[in-house]
2 protein chains.
Amino acid sequence: MKKGHQVTMKEIAKKLGFSVSTISRALKDSPELHPDTKKKIVDMAKEMNYQPNLLAQSLRISRTNTLGVIVPEITSHFFASCISGIQDYANKRGYNVMICQSNETLDLEIANIRTLVSSQVDGLLISLSRETNQYDHLFDIYNREIPFLLFDRVNEDIPVSRVTFNDEGGAYQVTKYLLETGCKRVMYVSGPEDLYISKKRKEGYIHALNEFGIELDSDLVKISDLTTEGNINIAKEIANMKTRPDGVFCMIDPVAIDILTFWKSIGIKVPEDMALAGFTNNPTSAVVEPPLTTVAQPGYEMGKLAVSHLLDQLEGIASDDPISIVLETTLVPRQSTKALSKNEK
Amino acid sequence: MKKGHQVTMKEIAKKLGFSVSTISRALKDSPELHPDTKKKIVDMAKEMNYQPNLLAQSLRISRTNTLGVIVPEITSHFFASCISGIQDYANKRGYNVMICQSNETLDLEIANIRTLVSSQVDGLLISLSRETNQYDHLFDIYNREIPFLLFDRVNEDIPVSRVTFNDEGGAYQVTKYLLETGCKRVMYVSGPEDLYISKKRKEGYIHALNEFGIELDSDLVKISDLTTEGNINIAKEIANMKTRPDGVFCMIDPVAIDILTFWKSIGIKVPEDMALAGFTNNPTSAVVEPPLTTVAQPGYEMGKLAVSHLLDQLEGIASDDPISIVLETTLVPRQSTKALSKNEK
DNA sequence: ATGAAAGCGCTAACAT
DNA sequence: ATGTTAGCGCTTTCAT
């Protein structure tokens, strides 16, 4: 299939007997032009259905007004929300967005960066893949002075701005809530230990335990590979423990939901036998039975804030010095945990 | 923030004492070059961390190897799956993808098309917004010979290829299943009547009724605006009917889930009091209580097929003549409907 | 086997 | 108020 011909300034110029520069000036509403000329040109451009060639323009002004976004997975509701926030806000400020997914692999993450850089995006918003445990590709674009920041899945060693949730605080909130609602042995089901959120949420978990005078018990920390099989294995392990926990806090909702599903299938009652809580507030967490207590992370807001800061840096509104933006999370108590004795919500 | 400098062919040329054209040839592995020269250049390019400027290249060859995608909503799991399929497959064929969302508005749909066309994408994959009820913008790009196709939310009057699910067939399957499992009065809760899928799924519904010798009863067709409030209103209406239906087929899962939630809150039992079924197989439909009988639409597959056909057309592998690709859906029986009496699945 | 030159569509500095 | 010219980084014909 051959693409149809696009009208160029040259053609308008020819038709009207002006030079190309006059056309260019008229179309960007330059003040030094005769109003009549301007009108004639603008009308003709409309008539001929002229659309500027952004490629040529970008090449000339060496700015594309386009940002690149890399997320691990577009089908994750959380990242989709981030993207939505990024796009809406970027558009509002006159920028376009190119979105890529790394499918949670380092190789694709690297390839995506290459492509976006080659496409001359003005800046990048990156959320790291689960697999990413070395950071040469990020130091590389850092050294090449390509503006970027990290959001949600970040690494603290790279000297760029990052936008995260208060993961420690959220985990503290939910662990504390489990303890307040009567749990004595609260377990933490983590993801792979090198993940930023695994670490941060564990800190919040420990923080809450300590506040209740409880020592960290290594039997009460399990690590899932975050696959459904892995999660179910953890669910089995817990079910088979001599002394089961009475509350389980999972690093992310899908883990909690897999565990819940398995437990239901073998007759374990939630929250009567064990209370269960997740993190993220995925749409599914609200509709499982019983609805899952979790911690809400507003993804749309995160995307908006992240892109807003990057654009501020690009446009010299914000300093280039890296900053850390931390969004607060909200505890969402539901029926998978016991209710507070007094002020039951 | 100022973007760092990017290495150009000119710089490699200068460093090595060759002309720019020789660099260009070496980097695209032209056969008419001396192997030593080629090696020297390729090595140097790597050493200097050269990355081609896709903007310049695209301007020159007037092809961007980039496709534009417009979906109503990125946060919808179904469309996220489509995008995922589009991106994975497009990348495999050496294309990039720019994604835009119309947020279900005609204005943004038009704006997105403008932007993508200005960005010189080689082709477009479009899924129409709910609001889109006039098609000038599509006829416009059709007349300008910009290759595009429609998927999922299509319009049949535009002479371009379209990729859809067999909506009629899916609705037939699920209505038939409701009737087979003992329902006598099956209701259809539709979306706005000008939506393509509203119409198609109604056809399937009627088809199944007819097969069971049942006349279409206009009391048993309700139209929701697809907002949560609208859905709940329908749920109330149904609950208050003198003669309630004994089975309800909703055009999309979220409608069914809103209805289910409301019914549960007022003590209506599903499927005992009324059976309930949806369409799409959203992740939530599997985890509600009871799990929702629905019709699965493989979004990833749809995306893949759509982009594959468009690329085939672009590259002259497929004819430019519009075709209609129809994907089959799969009934997913769950506990929100009664089981088949004999061969219970 | 390599180089020179033209040009993709646009902008902007420099004329006039 | 408008035109001329150069050039963004690249590819490609034509020349040698």
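All chains are named by letter (A, B, ...) in the order of the sequence lines, taking the proteins before the strands, and each is independently numbered beginning at 1.
Taking side-chain N and O atoms only, B:Thr22 has no distance below 4.0 Å to OP1 or OP2 of C:dT2. Between B:Ser58 and D:dC10 there is no side-chain polar atom (N or O) within less than 4.0 angstrom of OP1 or OP2.
Between B:Ile61 and B:Leu33, the one whose closest nucleotide on DNA chain C sits nearer the 5' end is B:Leu33. Nearer the 5' end of DNA chain C, as judged by each residue's closest nucleotide, is the contact made by B:Lys38, out of B:Lys38 and A:Asn53.
For the pair B:Gln51 CD and D:dC10 P, the computed distance is 11 Å after rounding to whole Å. Rounded to an integer number of Å, the gap from NZ of A:Lys10 to P of D:dG3 is 16 Å. For A:Gln120 and D:dG9, the CD to C1' distance is 9 Å, given to the nearest whole Å. Rounded to an integer number of Å, the gap from B:Leu27 CG to D:dT12 P is 13 Å.
Atoms OG and NZ, from A:Ser30 and A:Lys38 in turn, are 6.5 Å apart once rounded to the nearest 0.5 Å.
Using a cutoff of 4.0 Å between basic side-chain nitrogens and carboxylate oxygens, A:Glu109 and A:Arg114 are not scored as salt-bridged. Of the charged side-chain nitrogens involved, at least one lies within less than 4.0 Å of a carboxylate oxygen, so that B:Arg144 and B:Asp140 count as a salt-bridged pair.
Between C:dC10, D:dT13, D:dC10, one nucleotide has an atom nearer to the side chain of B:Arg25 than all others, and that is D:dT13. Comparing D:dG9, C:dA1, D:dA1 by their nearest atom to the side chain of B:Thr37 picks out C:dA1. For B:Leu59, whose side chain is taken as the heavy atoms from C-beta onward, the closest listed nucleotide among D:dG3, C:dG9, C:dC10 is C:dG9.
At the heavy-atom level, B:Gln57 lies under 4.0 Å from the strands shown only through sugar-phosphate atoms. B:Ser24 comes within contact range of at least one nucleobase, with a heavy-atom separation under 4.0 Å.
No side-chain N or O of A:Ser84 forms a donor-acceptor pair with one of A:Ser81 less than 3.5 Å apart.
Below the 3.5 angstrom threshold, one finds a donor paired with an acceptor across the side chain of A:Ser21 and the base of D:dT4.
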